[in-house]
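Step one of this worksheet: look at the structure below.
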Amino acid sequence: MDSLADSSINTSARASVVPAWAQPRGTVDSEADAAFMAGSALTTLYERVREPPVWAGCWRKRLALASAQAAVRLMGGKEEEAALRDAVFLCPPGGDPGPAGRVLVAYRRLASRKPVMTDVLIREVADLLAIRWDEALAGVPGLVDDLLPSRRAVPFVIAELVERVVAMRPDAEVLAWWLADWMLARLVHLGLPIPLFTQARYGAAFRTAGGSGRSRPGDEGFARAVCLALALQVPDALRLATEIERRAGNLIDVAPKLRTKGRDGVVERLLSDDAIAASLPGTGLSRWAGRRLFERLEAFGAIRELSGRPTFRIYGL
């Protein structure tokens, strides 16, 4: 536990807020202004995650949950975050979490691995996102390889990636945004991807003039919208990081007060994931011991029960 505490404390001194003067204030019509703001946001993000804190897994998985909810909406579904979390965390090992749950599985995979871009990966993710496989999608790894060496600014490479994927397969926009987060991590050297773009799809960045519609890939001004998406979404993600860091510090401080065998493994899982089902599969704790451990952590204010149910409970920071 001492090493966990030290890691959490050492990250708190890093820049965690995008400067106010580099954030959008009102309408941003200039592509150059939007690009400047995106660059400032990405610099702050890089400084925050270049040495990942112990709670980074929880942060990325919580962003994955929000992104999955936005992806489901983009695909025409209505499931909210709680329903998506239930679909995955209450699914038995090897079971099928259902169509919406598979979307969350795709984003959790994005947030937890350093994947090599191959047609196998694209096929797996397309299947999770209910997108029919064809030769056009098989060409995506080659497209990625073509764009990675680009000397253009990062947001413009991202915009081109999304536009070209959607031009190949108009029904694959959700996959294009999944790929955008992967590409961002590679270009900015973030280590593991940080799910951002799909959430931004329904935010202010893509709202057209007059607010009557949304900018789509291929529309005039789409690259500016991608820049604004970063300028708006990164500060939100960093605010969430600050909140999770505070909660993680509280958990690390409280944990030594508990003498339950298996405590450290549970704490590490809480720091590395969005949530844990109260049944605690794989921890070696009995159902009674696990329930007691969670109840004590909740009483200390170190964790929260996230489902709102009296049974089949789910806990997290």
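Since the structure is predicted, the reported quantities are computational estimates derived from the model, not experimental observations.
The aromatic rings of F294 and Y315 lie parallel to each other, with less than 30° between the two planes, well short of the 60° mark.
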Practice task
Begin from the C-alpha positions of E243 and R239 and carry the test salt bridge (Lys or Arg N to Asp or Glu O under 4.0 Å) through to its verdict.
Solution key: CA-CA 6 Å; E243 175 64 16; R239 281 189 284 271; over 6 Å; no
Practice task
Could you check V18 against V234 for side chain to side chain contact (heavy atoms under 4.5 Å, CB included), going step by step and ending with a plain yes or no?
Solution key: CA-CA 8 Å; V18 179; V234 169; 4.2 Å; yes
Practice task
Please assess L143 against V165 for the test side chain to side chain contact (heavy atoms under 4.5 Å, CB included), listing each intermediate value before the final yes or no.
Solution key: CA-CA 9 Å; L143 171 60; V165 171; 3.9 Å; yes
Practice task
Check the pair L148 / V144 against side chain to side chain contact (heavy atoms under 4.5 Å, CB included), numbers first and verdict last.
Solution key: CA-CA 6 Å; L148 280 173; V144 170; 3.9 Å; yes
Practice task
Verify side chain to side chain contact (heavy atoms under 4.5 Å, CB included) between L196 and D236, making sure each step is shown before the conclusion.
Solution key: CA-CA 10 Å; L196 294 171; D236 284 349; over 6 Å; no
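Contact check for L317 versus R304: no side-chain heavy atoms found under the 4.5 Å cut-off. Using a 4.5 Å heavy-atom cutoff, the side chains of M117 and R186 are not in contact. Counting heavy atoms from C-beta outward, E268 and R263 have side chains that stay 4.5 Å or more apart. Under the 4.5 Å side-chain criterion, counting only non-hydrogen atoms from C-beta, R169 is in contact with R132. A heavy-atom distance below 4.5 Å is found between the side chains of L65 and L104. Annotation: side chain of I131 is in contact with side chain of L137 (closest heavy-atom distance under 4.5 Å). Taking the side chain as every heavy atom from C-beta outward, I194 and L63 approach each other to under 4.5 Å. Annotation: side chain of L121 is not in contact with side chain of V116 (no heavy-atom distance under 4.5 Å).
Both W178 and V166 sit in one connected hydrophobic cluster of ILVMFWY residues. Membership requires side-chain heavy atoms under 4.5 Å apart, directly or through other members. Side-chain heavy atoms closer than 4.5 Å link hydrophobic residues (I, L, V, M, F, W, Y) into clusters, and following such links, possibly through other members, connects M168 to V125. Hydrophobic clustering keeps L232 apart from W59 (ILVMFWY residues linked when any side-chain heavy atoms are closer than 4.5 Å, directly or through intermediates). When the side chains of ILVMFWY residues are joined at heavy-atom separations under 4.5 Å, either directly or via intervening members, L42 and W182 end up in a single hydrophobic cluster. Following chains of ILVMFWY side-chain contacts shorter than 4.5 Å, one cannot reach F36 starting from I158, and the two form parts of different hydrophobic clusters.
Sorted by first and then second residue, the pairs that involve residues 78-101 and meet salt bridge (Lys or Arg N to Asp or Glu O under 4.0 Å), not counting sequence neighbours, are R85-D274, D86-R309, D96-R102.
Under a 4.0 Å N-O distance rule, the pair E295/R313 does not qualify as a salt bridge.
Side-chain contact annotation: Q69 with S67, donor-acceptor N/O pair under 3.5 Å absent.
Not less than 6.0 angstrom separates the ring centroid of W177 from the ring centroid of Y202.
The CG atom of L251 lies 9.5 Å from the SG atom of C58; values are rounded to the nearest 0.5 Å. Here CZ of F89 is found 12.0 Å from OG of S307. Values are rounded to the nearest 0.5 Å. Interatomic distance, CZ of R60 versus CH2 of W55, reported as 10.0 Å (0.5 Å rounding). Here the straight-line distance linking atom OG1 of T118 with atom CD of E124 works out to 7.5 Å at 0.5 Å rounding. Atom CZ in R152 sits 12.0 Å away from atom CG in L187 (nearest 0.5 Å). Remark: L228 CG to S215 OG distance equals 10.0 Å, nearest 0.5 Å.
A275 and L306 get closest at one heavy-atom pair: CB-CD1, 3.8 Å. The shortest heavy-atom contact between A38 and A231 is N-CB, 4.1 Å. Closest heavy-atom contact between R216 and R201: CG-NH2, 3.5 Å. A70 and T198 make their closest contact through CB-O, 3.4 Å (heavy atoms, listed as atom of the first residue, atom of the second, distance). Taking all atoms of both residues into account, the shortest heavy-atom contact from C227 to F156 is SG-CZ, 4.0 Å. Listed here is the closest heavy atom pair of G203 and R214: O-NH1, 2.7 Å.
E135 places no side-chain N or O within 3.5 Å of a backbone atom of A138 that could act as its donor or acceptor partner. Between the T208 side chain and the G213 main chain, a donor and an acceptor come within less than 3.5 Å of each other. Here the side chain of D181 pairs a donor or acceptor atom with the backbone of F197 at under 3.5 angstrom. A donor-acceptor pair is defined here as one N or O able to donate and one able to accept, closer than 3.5 Å; such a pair exists between the side chain of T242 and the backbone of L238. Without hydrogens or angle criteria, S40 side chain to M37 main chain gives no donor-acceptor distance under 3.5 Å.
For the side-chain contact (heavy atoms from CB on, under 4.5 Å) test with I303, the passing option among N250, L297, L293 is L297; the others fail.
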